[in-house]
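The next block holds one structure in the form of structure tokens; read it before the comments.
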Amino acid sequence: MRTPRSNLIEPDTSERPCDAQNRLSPWSPRRAIGLSAIVLSLVLIGHTAFALVAPPELLVTKLPDDAWYFIKIAQNYSSGLGWTFDGLNETNGFQPLWTWLLAGLYSIVPQCPTLAYRLALIVQIIFIAISALLLLYTQSRILSPGLLVVSMAVFAFYVPTFHNGMESAILVLTLSLLYFFTHQAYDRSTLSIAQAAVLGCVLGLAVLARLDMVFLVIPLAVLLYLRVARPGKNHHDVLRFALPFFGGLCGFLLPYLLYNAAYYGTVMPISGALKTSFPYPGFYTWILRVRGNAVLLALAAIWLMVGWYYRRRIPTTQGCTAEVIERMRFQFDIVSVLAIYVVLHGAHTILFMRWGVFFWHFASYQWFACILAPVLMVLILERIPRRVRGSISTIIIALILVGCARHAAALPTRGQIWKAQSYAAALWARGALPADTVLAMSDAGVFGYFSQRRVINLDGIVNNIEYQEALRDGRLRSYLNDRGVRYVVHHAVYDRQVVEGTYERIKLQYQSHLFPGRSGSLTLRAEDEVYRSEFECDALRTRSVFLIWMVSGVADPASAG
């Protein structure tokens, strides 16, 4: 059987001649680590400067609107208002770990809106830096210098995605911790009780960071089980792994799930319940629209079909020591585990995620790319003549670094226009409306945070089941009346007559994503407008305006959808 001409390790070439075949000249270990550290430092310094000095009107256009939900909910909880976005309706529509951390942070720092969001961004940068160090250390023990630069350059390329105010940064941190501890455990012949418990705890934190990481539990558990259940092991060894591993996992995860079940009637948060059609499958194309994640999904699927073949070809002779072979096998095994997770997650997204899927939902894919890229590069380079491997690897790394620079250059530019309009309207509301005013709005993150007013979320993400039932039963107007809503807010109205101000009435429709086919509507009059932005054009050159209407407490017979 043919053996590969290259592998993933760069040990002492005088002792392990098979590893010398993978030298990607001109890289040396010190040079690779130094270059990776410099690139990552520059990227993180740029993001730190942006988080500290960028004006709010620029920040709001660069961060997802949902990022402000986390900050506002954490602020409300630390102020004694419970887990609410609007200060009125209890919700669990958020990824828990990031929100809990922010709530704890805001309970010990002054309640300053400007300090709050800048502090959240700085904490994210710290998490990304720790993740980079963990990944750099672990990869330096596994990869050759050139491949190490590839892995860390891919990480630097995706840093702008992780620094987004969402749960992405803390998810990446937990994944890097999991990778570090899995390698530590894999590097030993026996998995201790402490190591199994730590792995279970870190995996539990990863699931709390983003709940769809539950798809990683079984593949990782199987990998560790196969490591423990090697020939010569007995059932006692398996139990010594399984009990602390699943004990650590359940110790973090079960309290959250049981609390949801007891307090909200379901273990799934409302945000997840609104987005999934489970158990009724469909065909949803969100993943095909989001930043090349379809490519990563396809690569993961291809790897599962052919990766086993390349693992079998890992040399067992040719001068490689047992330690080198084990590290090579670890890299192939961990890529396979992550590929299974990506395929399971991608299949779930395609079959069941019917609404509200965005780029930050795939941060784990982008972290997976950091692990996958060097393995794919090995498989490509071993088919290229040795005399040009160094040049080709340098070109690939240079292209990745150019991509990093392109991302960095885009930081100071303005993002989505409607969020800038939302910020301007929020400042108007803060100055013009009494402090106890209640408003209602879909996509209410920026407006709800910066207006410092109570804003009920009408798309339901950070609301609760009671709002969905009101939509189902045609009680939207009474629902809003009961909560004292005085103003309805709507962003990015594209209707030509509304934009030009020539309309008399507009009917806004609010869809229940929990009860498909049910909705509520509000009919609003032109004379009730209290705020109108200047019209702006989006990326498609379509004009839109941001509007706020005053509403009366009279029941609207047209509110039933």
Side-chain angles (χ1 to χ4, degrees), residues 50-51 54-76 84-86 89 91 93-95 98-99 102 113-114 116-118 120-121 124 160-169 210 269-272 274-275 286 289-291 355-363 411 413-430 439-463 467 488-494 508 510-511 513 531 533 536 538-539 544-548:
F50 183 74
E57 55 268 24
L58 175 58
L59 273 172
V60 298
T61 67
K62 302 298 289 187
L63 300 182
D65 187 68
D66 289 12
W68 305 98
Y69 291 154
F70 285 94
I71 302 173
K72 186 66 176 179
I73 291 170
Q75 277 190 318
N76 282 345
T84 67
F85 172 74
D86 52 27
N89 299 289
T91 186
F94 51 85
Q95 300 294 341
W98 178 231
T99 312
L102 287 179
T114 301
Y117 68 77
R118 295 195 188 275
L121 296 178
Q124 284 201 320
T161 304
F162 303 147
H163 182 229
N164 56 16
M166 302 292 294
E167 71 281 351
S168 304
R210 182 158 184 87
I270 186 67
S271 52
L274 296 183
K275 295 178 180 180
W286 297 101
R289 311 176 193 177
V290 184
R291 292 191 181 183
W355 173 67
V357 179
F358 299 98
F359 71 88
W360 58 85
H361 295 189
F362 304 98
L411 273 178
T413 61
R414 191 168 72 161
Q416 291 177 301
I417 291 172
W418 74 264
K419 287 185 284 189
Q421 292 179 324
S422 188
Y423 175 74
L427 297 186
W428 173 85
R430 188 195 305 178
L439 306 95
M441 178 187 179
S442 295
D443 297 297
V446 170
F447 186 84
Y449 181 81
F450 285 99
S451 68
Q452 298 182 32
R453 299 296 181 265
R454 289 175 291 180
V455 182
I456 293 175
N457 174 239
L458 294 182
D459 54 46
I461 290 292
V462 286
N463 209 312
Y467 171 63
V488 171
V489 186
H490 199 70
H491 73 278
V493 180
Y494 292 100
L508 300 181
Y510 299 94
Q511 178 69 43
H513 296 281
Y531 177 88
S533 70
E536 293 199 50
D538 61 15
S544 68
V545 291
F546 189 106
L547 295 171
I548 303 177

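Since the model is a prediction, treat every value here as computed from it, not as a measurement.
- Considering CD1 of I71 and OG1 of T99, their distance stands at 10.0 Å, rounded to 0.5 Å.
- The shortest heavy-atom contact between P56 and Y423 is CB-OH, 3.5 Å.
- Taking both residues in full, the closest heavy atoms of F50 and R118 are given as O-NH1, 4.4 Å, listed atom of the first, atom of the second, then distance.
- For the atom pair CG of D86 and CG of N463, the computed distance is 6.0 Å after rounding to the nearest 0.5 Å.
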Could you walk me through whether Y467 and I270 pass the side-chain contact (heavy atoms from CB on, under 4.5 Å) check? CA-CA 11 Å; Y467 171 63; I270 186 67; over 6 Å; no

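- Of all the heavy atoms in Q421 and S533, the pair that sits closest is NE2-OG, 3.5 Å.
- We find the CE-CG distance between M441 and L547 to be 10.5 Å, quoted to the nearest 0.5 Å.
- Side-chain contact between I461 and K275 is present, with at least one heavy-atom pair separated by less than 4.5 Å.
- From L458, atom CG reaches atom CG of D443 across 10.0 Å, with rounding to the nearest 0.5 Å.
- A donor-acceptor pair under 3.5 Å links the side-chain atoms of K419 to the main chain of L63, judged by distance alone.
- By the side chain to side chain donor-acceptor pair (under 3.5 Å) test, N164 pairs with S168, sequence neighbours left out.
- In this structure, the side chains of W360 and P64 come closer than 4.5 Å at one or more pairs of heavy atoms.
- Nearest heavy atoms, F94 versus S271: N-OG, 3.9 Å.
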Task: I73 vs V462, side-chain contact (heavy atoms from CB on, under 4.5 Å): CA-CA, chis, key distance, verdict - done: CA-CA 9 Å; I73 291 170; V462 286; 3.8 Å; yes

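- Pairs of residues two or more places apart, or lying in two chains, that qualify as side-chain hydrogen bond (donor to acceptor under 3.5 Å, both in side chains) and include a residue from residues 446-462 are Y69-N457, N457-D459.
- Side-chain atoms of N76 come within 3.5 Å of backbone N or O of T84 as a donor-acceptor pair.
- Side chain of Q124 to backbone of M166: a donor-acceptor contact under 3.5 angstrom is found.
- Scanning all heavy atoms of the two residues, the minimum distance from A425 to F546 falls at CB-CE2, 3.3 Å.
- Under the 30°/60° scheme for interplanar angles, the aromatic rings of H490 and Y510 are found to stand perpendicular.
- R430 contributes a side-chain N or O that, together with a main-chain N or O of F450, makes up a donor-acceptor pair within less than 3.5 Å.
- When atom types are taken as modelled, the side chain of W98 and the backbone of G165 share a donor-acceptor pair closer than 3.5 angstrom.
- In terms of heavy atoms, A51 sits closest to L121 at CB-CB, 3.8 Å.
- Counting heavy atoms from C-beta on, the side chains of S422 and H491 never come closer than 4.5 Å.
- For the pair Y117 (side chain) and W68 (backbone), a donor-acceptor distance under 3.5 Å is absent.
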